[in-house]
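Here the structure is a predicted model, which means the values were calculated and not measured. Residue numbers start from 1 in every chain, and the chains themselves are labelled A, B, ... in the order their sequence lines are given, proteins ahead of strands.
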2 protein chains.
Amino acid sequence: MTAERPSPARDRLVETATRLFNEGGYHATGIDRILADAGVAKMTLYNNFPSKDDLIVEVLRRRGEGFRAWLREWVTRSGAASSRDRLLSVFDAQAVWHQNGPAGPGLPFRGCVFVRASGEYPSGDSAIHQAAAANKQAVIDLLAELASDLAVPDPQDLAEQLGYLIEGATVAALTRGRTDSAERAKRSAAILIDAGSPPPA
Amino acid sequence: MTAERPSPARDRLVETATRLFNEGGYHATGIDRILADAGVAKMTLYNNFPSKDDLIVEVLRRRGEGFRAWLREWVTRSGAASSRDRLLSVFDAQAVWHQNGPAGPGLPFRGCVFVRASGEYPSGDSAIHQAAAANKQAVIDLLAELASDLAVPDPQDLAEQLGYLIEGATVAALTRGRTDSAERAKRSAAILIDAGSPPPA
DNA sequence: TTATATAGACAGACCGGTCTATCTAGACAA
DNA sequence: TTGTCTAGATAGACCGGTCTGTCTATATAA
């Protein structure tokens, strides 16, 4: 339904919305503010998206793609040779993200945009909630992909477990300002990985 | 500043607000709706609380106390004899909560109210954010208390780690509907506990 | 009398969304 | 080169509602 034609105004809109939603949340950020910051007319928004909710869905979709691309790039550049170390490098990426490092995924850290989205739109019927869920699942799938070569009985299960650690560390960083949470979680991750596979030589 | 005198109207207000915030979020739930549901006049709200934000803070405070009391009670009733098993029983409590079991902590599961609060009020300056942080820290402290007897090098650190697992499992249950996440996290928790202490005889 | 409650009007800002009217840039044809 | 048509952008008025918060006036009960 939504027009998918690319256009500079549309891009500016989505990028500005991404930034403002990250800073202030979804309900608290009005479209007037987004339009003013993006320098875009209201009709341009509604010619590109049926509603604010659809804009949010698009923001989540793009952000998810960008974040996962950044994460893959990070793992590759880490030069980790083993599946174990590639999985652990994810936690280093997370630490950079939490600490707003210059090599981070591009937004000042305000917690996970998907968690916040599913929190603000808690009903599972909401398209926003579903978009958040899809992006979260995609990260788990990425972890499962990294874990697939591991000599553990159930890589899928391990990926889910590591996902909990990552998620929890991000929440701790947001709510309690625990910017060391990723490093801490990394230690747990190593234990969980090694518990299911022969100890590295 | 806030009047702390108990009154039936005030209690009804806080309880109704707790329920509605849990269902729909903080920004999305207007005070008129709360007042109508509670059967309370608007001036009663503003005689008891300077603002909606202060009402939210009080909701979080009470909910935190109630939740932790429920959790302590659960652990006690589990009859677990060891620190290890008491810690693991927390994950059973969590599973009941996620699955809206009758013995749960009293609200239909919509994710953690504190995580959602710090997500909707992401600035660390916000009193709401700080209230959420305090309650989250109190849960970690409770875990640390349960872990204090454990023969591990750093019970405090272990509590933090288990906290990540719990947090991540709750997020997974909310965003992806993973209502089995607590049982899964429990397995990881056992590994982490045992990795830091002599295996039980 | 004093404190607490009620109902409900009211203010002023802001919400998402619609609408009209105008401008500009590019494609195309003469 | 010039004129025309079209798509997409602009500004901004406007709509009905909802938002938080204030106010007055009244009732009730210790």
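- Here C:dT18 is the nucleotide among C:dA5, D:dT22, C:dT18 with the atom lying nearest to any side-chain atom of A:Y46.
- When distances run from any side-chain atom of A:R12 to the nucleotides C:dG8, C:dG17, D:dT10, the shortest one goes to D:dT10.
- Side-chain N or O atoms of B:E58 include none that pairs as donor or acceptor with a backbone N or O of B:V14 at under 3.5 Å.
- Straight-line distance from the CZ atom of A:F49 to the C1' atom of C:dG16: 15 Å, rounded to whole Å.
- No donor-acceptor distance shorter than 3.5 angstrom exists from the side chain of A:R86 to the backbone of A:L146, with no hydrogens or angles considered.
- The base of C:dG8 does not come close enough to the side chain of B:K42 for any donor and acceptor atom to sit less than 3.5 Å apart.
- Under a cut-off of 6.0 angstrom, the local environment of CD in B:Q99 is crowded, with over 12 non-hydrogen atoms contributed by other residues, nucleotides or ligands.
- In terms of heavy-atom proximity, B:A159 sits nearest to B:I140 at CB-O, 4.0 Å.
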CA sep, side-chain torsions, deciding dist, call: B:E15, B:R19, salt bridge (charged side-chain N to carboxylate O under 4.0 Å, His left out): CA-CA 6 Å; B:E15 283 158 21; B:R19 181 170 54 80; over 6 Å; no
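- If you check residues 23-41 of chain A against DNA chain D, the residues with a heavy atom closer than 4.0 Å are A:G39, A:V40, A:A41, listed by number.
- Taking the six-membered ring for Trp and the full ring otherwise, B:H129 and B:F114 have centroids separated by 6.0 Å or more.
- The backbone N or O of A:A169 sits less than 3.5 Å from a side-chain atom of A:S181, completing a donor-acceptor pair.
- Picking from C:dG16, C:dA5, D:dG12 the nucleotide with the shortest atom distance to the side chain of B:T44 gives C:dA5.
- In this structure, B:Y26 and B:F21 have tilted ring planes: the angle between them lies in the 30° to 60° band.
- Distance, B:L20 CG to D:dC19 P: 12 Å, rounded to whole Å.
- B:R10 has its CZ atom 15 Å from the C1' atom of C:dA5, to the nearest Å.
- Of the possible polar contacts, none joining the B:N100 side chain to the B:V96 backbone as a donor-acceptor pair under 3.5 Å is found.
- Rounded to whole Å, atom C1' of C:dA5 lies 15 Å from atom CG of B:D11.
- In this structure, A:L13 atom CG and D:dG8 atom P are separated by 15 Å, rounded to whole Å.
- A straight line from CE of B:M43 to P of C:dT4 spans 12 Å, rounded to a whole angstrom.
- A donor-acceptor contact shorter than 3.5 Å links the side chain of A:R12 to the backbone of A:A38.
- Residues from residues 119-128 of chain B that place a heavy atom under 4.0 Å from any atom of DNA chain C: there are none.
- The distance between atom CG of A:L45 and atom P of D:dA9, rounded to the nearest whole Å, is 12 Å.
- The CG-C1' distance, from B:D53 to D:dT20, rounds to 10 Å in whole Å.
- Two end axes, each from the C1' atoms of five base pairs, can be drawn for the helix from C:dT1-D:dA30 to C:dA30-D:dT1; they diverge by 10°, to 10 degrees.
- The closest side-chain donor-acceptor pair between B:D92 and B:S89, if any, does not fall under 3.5 angstrom.
- The CD1 atom of B:I193 sits 8.5 Å away from the CG atom of B:D85 when rounded to the nearest 0.5 Å.
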